[in-house]
Amino acid sequence: MTPPLGNVVDIGANRSDFSMFESLVTKANLASFFTKVLKYHMVKEYSLYSVGMTHTMTVDSADQHHDTLMILEDGSGNIFVNHAKIIEKDISSINGVIHVVDTVLVPIRVQVQIEDEGIIVG
């Protein structure tokens, strides 16, 4: 195990692979929704390392709606959060743990707002 390289924000800001998320928010002109979508990717009050994840486990997101996120396993060792595959797991930070997913998780109400604006995602 290696020591953390900063907090979650520091680590995220220094990763070029998080640019898809930032690009989506900018293109959709949804700066006001940024915090909602970001918090949808977070679990409040504890760090969840992959060793603690089990198939069909549910956790509440840190957004104001406390949306349910479901952990799924496919039997081949792959772990998913809802439909997003975890492609890099257990990146420790001083205030949590990061798991990199292969797609942006978007709450349904935000997806509807994006579509109402006429923006096509995907």
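These numbers come from the heavy atoms of this one structure, side chains and all, not from hydrogens, waters or symmetry mates.
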- Could you tell me which non-hydrogen atom of T58 sits nearest to which non-hydrogen atom of T68, and how far apart they are?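 Closest heavy-atom pair between T58 and T68: CB-CG2, 3.6 Å.
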- Of all the heavy-atom pairs spanning L105 and H41, show the shortest one and how long it is. O-CE1, 2.8 Å
- Taking only residues two or more places apart in sequence, or in another chain, which ones meet S61 in a side-chain contact (heavy atoms from CB on, under 4.5 Å)? Y40, D63, D67, L69
- Message: Let's go through V100 and I91 carefully: what are the C-alpha distance in whole Å and the side-chain angles of both, what is the deciding distance for side chain to side chain contact (heavy atoms under 4.5 Å, CB included) to 0.1 Å, and is it a yes or a no?
- Response: CA-CA 9 Å; V100 180; I91 302 168; 3.8 Å; yes
- Item | Set of side-chain hydrogen bond (donor to acceptor under 3.5 Å, both in side chains) partners for H65, sequence neighbours left out | R109
- Item | Worked verdict on V81 versus H99 for side chain to side chain contact (heavy atoms under 4.5 Å, CB included) | CA-CA 10 Å; V81 178; H99 304 286; over 6 Å; no
To the nearest 0.5 Å, tell me how far [X] [atom1] sits from [Y] [atom2].
| X | Y | atom1 | atom2 | result |
| --- | --- | --- | --- | --- |
| Q113 | I119 | CD | CD1 | 9.0 Å |
| I71 | T56 | CD1 | OG1 | 10.0 Å |
| N95 | S93 | CG | OG | 4.0 Å |
| M57 | I79 | CE | CD1 | 10.5 Å |

- Message: With salt bridge (charged side-chain N to carboxylate O under 4.0 Å, His left out) as the rule and sequence neighbours excluded, what pairs involving residues 69-93 come up?
- Response: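 The answer is R15-E88.
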- Query: Do the side chains of I87 and V101 get nearer than 4.5 Å, heavy atoms only?
  - Reply: no
- Linking directly or through intermediates, with side-chain heavy atoms under 4.5 Å: list the remaining ILVMFWY members grouped with F80, chain and number order.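 So far as hydrophobic clustering goes, F80 is joined with M70, L72.
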